[in-house]
Q: 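Okay, here's the structure, questions in a sec.
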Amino acid sequence: MTFTVAIDGPAAAGKGTIARAVAAHFGMAHLDTGLLYRAVGAKVLAGAAPEAAARALTPDDLKGEALRTQAVAEAASKVAAIPEVRAALVAFQRTFAARSDGAVLDGRDIGTVICPAAQVKLYVTASPECRAQRRLDELAAKGIAGTFETILAEVRARDARDSERATAPLKPAADAVMLDTSDLSIEEAVARAVAEVAARRG
Ligand code: CDP
């Protein structure tokens, strides 16, 4: 029996941290699907055509700190609006979700498009201001400078692009559990997510 946990939500809401912690807690595999779009975005920045880059993606392309830059995030959210790019990445994600030891996938459309039958669907969100502050702190920890205003504008622009695109827009699945992390610590947010999974896993 497969067991899939789908975790969706906007940039910097905490879904990656929650997904990693849930996967570690239950001994499941974890896929950060944003990395797929980031890897395609990085190839496009290097001159590749988006659809061809998506079709040719290999697991090695998902590694490396270079995928974490704002420029790559921006390019990722642009290629993510191209239906052919999304279609080329579906099979890899569904195969991952079908692993017999269970899987946690985090992204934008896991509960709505990739794994609509997932046993657990969480929609992790937080106010744009909170998310911008967290991204600023993350960057500062890496020694990268930024201003709150610039990052807030980037968060809002990416939210708008991700929510308004025609194909697989960012939105909660009808049966998703909402988890607003604005006023929660990481530990509290993880504890709530773990409790949701435990309740359904039996
Ligand atoms: O970590 P952060 O939330 O900033 O970004 P990410 O999850 O790595 O995703 C980067 C971009 O990929 C997003 O802005 C989306 O446009 C796109 N994406 C998507 O369309 N569908 C997914 N399942 C995951 C990411």
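The figures here come from the full heavy-atom set of this structure, side chains too, leaving out hydrogens, waters and symmetry mates.
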Q: I need the Arg161 CZ to Lys78 NZ distance, nearest 0.5 Å.
A: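 One finds 5.0 Å between CZ of Arg161 and NZ of Lys78.
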Q: Output every pair passing salt bridge (Lys or Arg N to Asp or Glu O under 4.0 Å) with a member in residues 7-16, not counting sequence neighbours, ordered by first then second residue.
A: none
Q: To the nearest 0.5 Å, what is the distance between CG (Leu36) and CZ (Phe96)?
A: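 Those atoms lie 10.0 Å apart.
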Q: Does any pair with a residue in residues 165-188 pass salt bridge (Lys or Arg N to Asp or Glu O under 4.0 Å), and if so which ones, sequence neighbours excluded?
A: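 As it turns out, the salt bridge (Lys or Arg N to Asp or Glu O under 4.0 Å) pairs with a partner in residues 165-188, which skip direct neighbours, are Lys121-Asp175, Asp162-Arg165.
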Q: Look up atom CZ in Arg108 and atom OG in Ser77, then write down how far apart they are to the nearest 0.5 Å.
A: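 Here the interatomic distance stands at 8.0 Å.
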Q: Using a 4.5 Å cut-off between side-chain heavy atoms of Ile, Leu, Val, Met, Phe, Trp and Tyr, which other residues end up in the same hydrophobic cluster as Ile186?
A: Phe3, Val5, Ile7, Ile18, Val22, Phe26, Met28, Val104, Val120, Leu122, Val124, Val177, Leu179, Leu184, Val190, Val194, Val197
Q: Output the rest of the hydrophobic cluster of Phe148: all Ile, Leu, Val, Met, Phe, Trp and Tyr residues reachable through side-chain heavy-atom contacts under 4.5 Å, sorted by chain and number.
A: Leu136, Leu139, Ile144, Ile151, Leu152, Val155
Q: Kindly list each side-chain donor-acceptor pair under 3.5 angstrom involving residues 42-57, sequence neighbours excluded, with atom names and distances?
A:
unit_1: Lys43; atom_1: NZ; unit_2: Asp61; atom_2: OD1; d: 3.4
unit_1: Glu51; atom_1: OE2; unit_2: Arg55; atom_2: NE; d: 3.3
unit_1: Glu51; atom_1: OE2; unit_2: Arg55; atom_2: NH2; d: 2.7

Q: Could you pull out the closest heavy-atom pair between Ala11 and Arg158, with the gap in Å?
A: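 Minimum heavy-atom contact is CB-NH2, 3.4 Å.
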Q: Who pairs with Glu196 by side-chain hydrogen bond (donor to acceptor under 3.5 Å, both in side chains), at least two apart in sequence or on another chain?
A: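 For Glu196 the side-chain hydrogen bond (donor to acceptor under 3.5 Å, both in side chains) partners, ignoring immediate neighbours, are Arg200.
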Q: Taking salt bridge (Lys or Arg N to Asp or Glu O under 4.0 Å) as the cut-off, I'd like each qualifying pair that reaches into residues 83-95, sequence neighbours left out, listed once.
A: Arg86-Asp109
Q: Taking all non-hydrogen atoms of both residues into account, name the closest pair between Thr4 and Cys115 and its distance.
A: CG2-SG, 4.0 Å
Q: Could you identify which residues cluster with Leu170, counting Ile, Leu, Val, Met, Phe, Trp and Tyr as linked when any side-chain heavy atoms lie under 4.5 Å apart, either directly or through a chain of such contacts?
A: Tyr123, Met178
Q: Looking only at heavy atoms, which two atoms of Ala13 and Thr125 are closest? And how far apart?
A: CB-CA, 3.8 Å
Q: How long is the gap from OG1 on Thr33 to CG on Leu35, to the nearest 0.5 Å?
A: 8.5 Å
Q: Mind listing the closest non-hydrogen atom pair of Ala168 and Val113 along with its distance?
A: CB-CG2, 3.9 Å
Q: Could you work out, with side chain to side chain contact (heavy atoms under 4.5 Å, CB included) as the rule, every residue matching Ala76, not counting sequence neighbours?
A: Tyr37, Arg38
Q: Output the distance between atom CD (Glu65) and atom NZ (Lys142), rounded to the nearest 0.5 Å.
A: 5.0 Å
Q: Would you name the heavy atoms of Thr181 and Ala189 that are closest together and state the gap between them?
A: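 For Thr181 and Ala189, the tightest heavy-atom pair comes out as CG2-CB, 3.9 Å.
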Q: Going by salt bridge (charged side-chain N to carboxylate O under 4.0 Å, His left out), name the residues that satisfy it together with Asp60, two or more places apart in sequence or in a different chain.
A: Lys63
Q: Among residues at least two apart in sequence or on other chains, which ones pass side chain to side chain contact (heavy atoms under 4.5 Å, CB included) with Ser127?
A: Glu129, Cys130, Ser182
Q: Could you check whether Arg134 and Thr17, counting side-chain N and O atoms only, form a donor-acceptor pair closer than 3.5 Å?
A: no
Q: His30 and Ala23: which non-hydrogen atoms are nearest, and at how many Å?
A: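 What the structure gives for the nearest pair is CB-CB, 3.7 Å.
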Q: Any salt bridge (Lys or Arg N to Asp or Glu O under 4.0 Å) pairs touching residues 17-32, not counting sequence neighbours?
A: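 Those involving residues 17-32 are Asp32-Arg68.
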